[in-house]
Enquirer: 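What follows is a single structure, and I will ask about it in a moment.
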Amino acid sequence: MIRKICFCLVAFLGAAVLAGCAANTVVPLNYSLVASPGQACRGPMTVLKFKDAREQRSLGRDADGNLLRPATDVADWVGWSLYEELSALSCPVEYHGIRKDEGARTILSGEVVDVRLMPMGKTVWKAKVSVLLNVEREGKVIVARTFSAEREKPIIFGVSSREEVLTEALQGVMEQMVSMALTS
């Protein structure tokens with residue numbers, strides 16, 4: 001019995017050590033607001049869940065060739081970030097996973113075209129985000145435009161992370177998208 005417990009303990013510790021040494025290939029998708037007060041909303045809006053139209057579901061590869069996978073759904077990350085930006089501006093906004101009868105509300109929908117994270121050296125990462133935004137009123141698309149942003153920065157262990165570069169790229173896209181949503 002003691003022998004069995006010792007074997008299980010050693011096996012568990014071995015697995016824990018191997019897991020700790022394994023490449024960190026899951027990338028958290030975080031977002032921090034960039035909304036600047038002063039922009040006025042033109043009425044009630046609904047953000048619909050975005051479609052993930054990327055060819056590859058991964059975010060790219062790390063310097064060792066390991067696939068980088070998002071920790072959460074990329075389309076939700078983009079849609080909720082747009083919702084949070086508009087909400088921070090005190091816009092009357094709702095988020096829906098599916099289309100409903102929205103009445104006279106402005107509908108914001110779209111597609112995630114590209115989200116990539118690339119190592120540019122040992123300590124530098126580059127992120128690219130491209131999103132198609134559709135602005136609809138009364139069932140008609142009044143504007144459809146693709147917005148893109150890239151960020152590149154050095155990563156210092158314990159101070160910054162590669163997911164921060166991805167967040168900053170999405171912030172660049174959100175600044176453009178929010179401006180269009182408010183002026184269209």
Enquirer: Minimum heavy-atom separation for Arg57 to Pro70, with atom names?
Expert: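 Closest pair (atom of Arg57, atom of Pro70, distance): O-CD, 3.6 Å.
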
Enquirer: Could you work out the complete set of other residues in the hydrophobic cluster of Val113, with links drawn between I, L, V, M, F, W and Y side chains under 4.5 Å apart?
Expert: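 Leu132, which link up through side-chain heavy atoms under 4.5 Å apart, make up the rest of the cluster.
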
Enquirer: Quick check against the 3.5 Å criterion: does Gln171 have a side-chain atom that pairs as donor or acceptor with the backbone of Ser32?
Expert: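 Yes: the side chain of Gln171 pairs with the backbone of Ser32.
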
Enquirer: Between OG1 of Thr167 and CZ of Arg162, what distance do you get to the nearest 0.5 Å?
Expert: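 These two atoms lie 12.5 Å from each other.
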
Enquirer: Kindly say whether Asn66 contributes a backbone atom to a donor-acceptor pair with the side chain of Asp64 at under 3.5 angstrom?
Expert: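 No; judged by distance alone, with no hydrogens or angles, the pair does not exist.
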
Enquirer: Kindly compute the distance separating OG1 (Thr25) from CG (Leu68), expressed to the nearest 0.5 Å.
Expert: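 Thr25 OG1 to Leu68 CG: 7.0 Å, rounded to 0.5 Å.
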
Enquirer: Okay, side chain of Arg105, backbone of Met45: is any donor-acceptor separation there less than 3.5 Å?
Expert: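 Yes; at least one donor-acceptor contact below 3.5 Å.
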
Enquirer: Not counting sequence neighbours, which residues clear ring-ring contact (aromatic ring centres under 6.0 Å, His included) with Tyr31? List them please.
Expert: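 In terms of ring-ring contact (aromatic ring centres under 6.0 Å, His included), with neighbours along the sequence ignored, Tyr31 is linked to no residue.
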
Enquirer: Working to the nearest 0.5 angstrom, can you tell me the gap between Leu170 CG and Glu85 CD?
Expert: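 Separation between the atoms: 8.5 Å.
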
Enquirer: Restricting to pairs with a member in residues 112-133, which pass side chain to side chain donor-acceptor pair (under 3.5 Å), not counting sequence neighbours?
Expert: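 Qualifying pairs: Asp114-Arg116, Lys126-Glu150, Ser130-Ser148.
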
Enquirer: Are Val27 and Leu117 side-chain neighbours, meaning at least one heavy-atom pair lies under 4.5 Å?
Expert: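 SC-SC contact between Val27 and Leu117 confirmed.
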
Enquirer: Can you label the angle between the Tyr95 ring and the Trp80 ring as parallel, tilted or perpendicular, going by 30° and 60°?
Expert: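 Answer is parallel, since the angle falls under 30°.
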
Enquirer: Okay, side chain of Ser179, backbone of Glu175: is any donor-acceptor separation there less than 3.5 Å?
Expert: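 Not confirmed, Ser179 side chain does not pair with Glu175 backbone.
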
Enquirer: Is it true that a side-chain atom of Arg137 and a backbone atom of Ser184 form a donor plus acceptor pair closer than 3.5 Å?
Expert: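 Judged by distance alone, yes, a pair lies under 3.5 Å.
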
Enquirer: With no hydrogens and no angle check, just 3.5 Å: does a side-chain donor-acceptor pair link Ser58 and Arg69?
Expert: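 Their side chains do not contain a donor-acceptor pair, so the 3.5 Å distance test is not met.
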
